[in-house]
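Read through the structure below, which is laid out as structure tokens, and then see the notes.
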4 protein chains.
Amino acid sequence: MQFLSDNAAAVHPRVWEAMKAADTADAPYDNDALSRALDERFSALFGRECAALWVATGTAANCLALSALVPPHGAAVCHREAHIEMDEAGAPGFFLHGAKLLLADGESAKLTPQGIAAVIDPIRDDVHQVQPHAISITQASEYGCVYRPEELEAIAALAGARGLGLHVDGARFGNAVAFLGCGAGEAVGAADVLSFGFVKNGAMSAEAIVFFDPEMAATVRYRRKRAGHLQSKGRFLAAQIHAMLEGDLWLANARAANAAAAELAGACSQRLLHPVEANELFLACTPVERAALREQGFGFYDWGEDAARLVTAWDAKAEHVTALARAIAAL
Amino acid sequence: MQFLSDNAAAVHPRVWEAMKAADTADAPYDNDALSRALDERFSALFGRECAALWVATGTAANCLALSALVPPHGAAVCHREAHIEMDEAGAPGFFLHGAKLLLADGESAKLTPQGIAAVIDPIRDDVHQVQPHAISITQASEYGCVYRPEELEAIAALAGARGLGLHVDGARFGNAVAFLGCGAGEAVGAADVLSFGFVKNGAMSAEAIVFFDPEMAATVRYRRKRAGHLQSKGRFLAAQIHAMLEGDLWLANARAANAAAAELAGACSQRLLHPVEANELFLACTPVERAALREQGFGFYDWGEDAARLVTAWDAKAEHVTALARAIAAL
Amino acid sequence: MQFLSDNAAAVHPRVWEAMKAADTADAPYDNDALSRALDERFSALFGRECAALWVATGTAANCLALSALVPPHGAAVCHREAHIEMDEAGAPGFFLHGAKLLLADGESAKLTPQGIAAVIDPIRDDVHQVQPHAISITQASEYGCVYRPEELEAIAALAGARGLGLHVDGARFGNAVAFLGCGAGEAVGAADVLSFGFVKNGAMSAEAIVFFDPEMAATVRYRRKRAGHLQSKGRFLAAQIHAMLEGDLWLANARAANAAAAELAGACSQRLLHPVEANELFLACTPVERAALREQGFGFYDWGEDAARLVTAWDAKAEHVTALARAIAAL
Amino acid sequence: MQFLSDNAAAVHPRVWEAMKAADTADAPYDNDALSRALDERFSALFGRECAALWVATGTAANCLALSALVPPHGAAVCHREAHIEMDEAGAPGFFLHGAKLLLADGESAKLTPQGIAAVIDPIRDDVHQVQPHAISITQASEYGCVYRPEELEAIAALAGARGLGLHVDGARFGNAVAFLGCGAGEAVGAADVLSFGFVKNGAMSAEAIVFFDPEMAATVRYRRKRAGHLQSKGRFLAAQIHAMLEGDLWLANARAANAAAAELAGACSQRLLHPVEANELFLACTPVERAALREQGFGFYDWGEDAARLVTAWDAKAEHVTALARAIAAL
């Protein structure tokens, strides 16, 4: 009964089907019909013109997205606990040729205009200090919390006022939209580019970089190839994305994961360290309690000394979730 | 009837089966059982201790392999028409932080000790000139030609004498081994690292970087993650590789592709610009002749003004091959 | 009456003389007699075998030094207010190809083993997190404070235990040695490499990178050229360094600057935000007070809202120092 | 009697005077009065608005200039024997983050529109091949030959038609202008940026990057600092440049060097491998002949097996030149 992460969950049957269906001759790289249809598909979803590129990982999606916004001598502001800072092995430094991440604070790994300003305001406008060129936020955040449309608006306003680009790491974008109950467009606000994650939500190996300024995609196409991320059988990545979007499978899967998380949250509301808005729970939990849960067969990560992280995937089994909820309640 | 490339061919049914079988819970990244079994598998195949990392593309495989051999201020010698020079969008410059490729000449895109020496001998041993640190050869070459074991030995001897690392781009390594009829180890010689290609030979999205010095892999693991190439559901890449190696599927597929190429070669031996040893043919062919072939439904690439490139894939249909052979003969 | 910085102070007459004396024909780059004599000179000064390279700036010295210790996928630990983090425009990211700086805390911009451990202990030993490869400290620190030999020993012990390299940014190394009253070797401890600054201390445009492991210099020679820092008339940089070392001019100049700082410190001991150990003072000072000082003709930098930074250079005029001391005392 | 190179020649007395005169308090970096006056000075010289940045070396000048024209995923076309390709240790790869140099052919290291087209025309307009973004030419060329205004015009026209930037490496720009007898503006044509060399022509350590689009300089200012090339006592570099420009010292010095070369050329017109237009001579000369010259006390470089390179500096002594001319004639 694994609640370690959603990142290694099963592949949804409809994704499998779409991949199998793509196993016919077509042009290589992203010249196949499925890849060529992505721009239109995302444009329809977001209600504005988009250009979308597939890649296999969220790290590649985030860093290629940022490469359109930040020059090598610049910086992006992100949360101190952002995935790009903590868990991508310095990939932004590689893809951005040494550009910096400027670390801001904020509750539950969410940035605020105040938190961002606290980081960039002290930067002298001279060549000795690295200047910010973009803001990167995570929707839903690394602590499973969701930016509301008005929060996105406030950050976008700051970005606009300071001439900064805005990137959204949407590794769990589906979970955010499912929580907000709004359209995809509202959940991303006036961002320039979105890393739209599918792998944690039922796909196998396909994420989309969605550019809301299609011109940006032109340069990133070169960067994607140059980073070894242009797969020759790219039709299999495009197929996954189409399957996830078809009939809003991405939303259905995210809702399932969120519902499981909500059930668990209901069982331990006193223990929660962050609001449970998506599919991650962070709960106070002593080593003895964690050991007790593990003895009952539940897998999860420790989160520091006295907490645990639980993640529910799209395919979480109802009986496992209920069993865990009970086990936690019984601690 | 496509003879454009093998890079977008179908996925072999046994690869599909293995991928489906991998769709069960396991650890993320390369901590799953399948990924962890790769070192042993390749060690058995090559008869010496190896460490193997999967990646999704040949470009990533080549560049990560080279990153273990060439520092940012160094260079690798490769053929003037090597894939890393011609068709990877400058990826070596990205992965190697600006290291150079030094371009050597040789028949049919194969390097020789003489050709390599002609490039590196004139380099002054001072800080003003970029010093070579490695040699990269392609087995089979970009013109479908295969290094014989004694040719590999001679290059490895030069590399050893000059203190250079040796990398083999094996995007079509299977075709080379199938042609040589020798063991995998003999077909790679004393190389330090091999990019072992599977995507052109029946896999979907998995190549292996095989390090014959396992210590090299330790650093490259960080570089792979940093380049966004560590997929969280890596088990699906490992599964592809195991399926390709199981029962020597890689060899069977390569033999099929080579046989198709040989059949075509038999129909146009007067036209051949390079010996046909693997699964690529380069033949003299006027624009009029090419138009005639295309009218009959054959797809292929022009190769300059008066030549064509034909590539046979593992799944080339016998009737298509025969039809093309006849059509060429009838020109 | 400028107390803005020591970085634009005059050039010492003996440095001028040495430069003029070098204006004769000699070999280019660092093949001249003066450049070739540097290794021996620094070896004598530090009492162990050194290899020394000149460069024109402290930024180049620091970053080239670090490039010998930190691979592109690694990190160096430094103080949150270290010059390499705050005032070098992201140069470490450039020279180290995207490697990270991990920011530690400590009084007066000095690191401690505890502060360093607090940063590196939480780093998981996996490929998702950037691993530390070196520690960089500044002697004297950015707040004008000096590491005692036993403090250096403790940091070097930690570095050794964790397998980390140790770099010392000695932009004001002379001031540190002058304060400690010890030998140069004791003031740098078991560091691997020192950026030995001369420009702030009477030279025009020459700093030395001193490698205590001479083998490291071999690679950095290539990196220096590659970074455009190998001047063809390098003899003029070597001449500056020799002049600074001759008769311990570097120490005499540093003592003069320190003495001036000490005189000022005596006049405002209640206001000091950091101990005055070298040639920098940070003092509490309201905007009104700062305006008053400026009206009397004193130049200096604001340091946040309610503080000022004063720096005394080697050529500070006694009457200016005394005047400023009085002016501060009279506030 | 040295004819090895002009790169380590003496510093002109007027440069020394200007440097001494700059040894007064002024603002650090390039905030001093001399540095701030450079834009205007070069604007007057070239008759159009310029922005100029000093750096200490030609390598830094060339690479920072190119960084304004070529993105990391792009390429610059240069001659196969260009200094940036042959003698800068891969610096373009470092400063441009792995961008490529595409090598073109041409007589005497001069590019022609045909030579450039031969390199860029075969490049497919797809993401697999590195796209050219700029052309870099050397005025005077590495073989001491000078582009005529109409040749510059033709290259600029090609650059314009293909959307390529144009960089001129003017390490010996003075010698080119002296030869052409035209204005500085005509000798650089419609270039975007010029590396204006002074070190080989009487300065100590100052070159200028002259941007004919002043906006380009804004970004390069950050890159210069980031590369460790922003010296804190920058006033000494600016002083050198002003001294070289004052009263056209740069032209007088270049004329002297050219005249010396012309005198030598007159003595060996049969031996010349390239026209002598600036201050370099390449002459057929057997090993025995070279030994004979060296025995008479003349220093110079071998150029392959059967040739020699002679370079005359601004301070070449008339009696040395005449002696060498006679010695060559007597061979």
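Lettering of chains follows the sequences in order, A, B, ..., and the numbering in each one begins at 1. These numbers were taken from a predicted model, which means no experiment stands behind them.
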Largest heavy-atom contact set with chain B, pairs under 4.5 Å, which of A:Asn7, A:Thr57, A:Asp32, A:Thr24: A:Asn7
So which of A:Ala313, A:Ala27, A:Gly58, A:Gly90 has the biggest tally of heavy-atom pairs under 4.5 Å with chain B? A:Gly90
Which pairs pass salt bridge (charged side-chain N to carboxylate O under 4.0 Å, His left out) with one or both residues in residues 313-324 of chain A, sequence neighbours excluded? none
Top of A:Ala10, A:Gly299, A:Ala60 for chain B proximity - count of heavy-atom pairs under 4.5 angstrom: A:Ala10
Considering only heavy atoms, give the residues of residues 61-75 of chain A separated from chain B by less than 4.5 Å, sorted numerically, with 'none' for an empty result. none
Side chain, backbone, both or neither: which part of A:Arg223 has a heavy atom under 4.5 Å from chain B? neither
Please examine the side chains of B:Trp16 and A:Met19, heavy atoms only from C-beta on, and report whether any two atoms are closer than 4.5 Å. yes
Which pair of non-hydrogen atoms, one from B:Thr59 and one from A:Lys225, has the smallest distance, and what is that distance? OG1-NZ, 3.3 Å
Tell me, for A:Gln2 versus chain B, whether the close heavy atoms (under 4.5 Å) come from the side chain, the backbone, both or neither. neither
Looking at every heavy atom in both A:Asp23 and B:Val11, which two are closest together, and how far apart are they? OD1-N, 3.0 Å
Identify which of A:His97, A:Glu88, A:Lys20 forms the greatest number of heavy-atom pairs closer than 4.5 Å to chain B. A:Lys20
Under 4.5 Å from a heavy atom of chain B, the part of A:Leu237 involved: neither
Contact part of A:Asp87 toward chain B, heavy-atom cut-off under 4.5 Å: side chain, backbone, both or neither? backbone
Side chains of B:His229 and A:His229: any donor to acceptor distance under 3.5 Å? yes
Indicate the atoms forming the closest heavy-atom contact of B:Phe95 with A:Gly228, along with that distance. CE1-N, 4.2 Å
If every non-hydrogen atom of A:Gln231 is compared with every non-hydrogen atom of B:Gln231, which pair is closest and at what distance? NE2-NE2, 4.1 Å
Taking all atoms of both residues into account, what is the closest heavy-atom pair of A:Ser232 and B:Ala8, and its distance? O-CB, 4.4 Å
Portion of B:Phe236 that has a non-hydrogen atom of chain A nearer than 4.5 angstrom: side chain
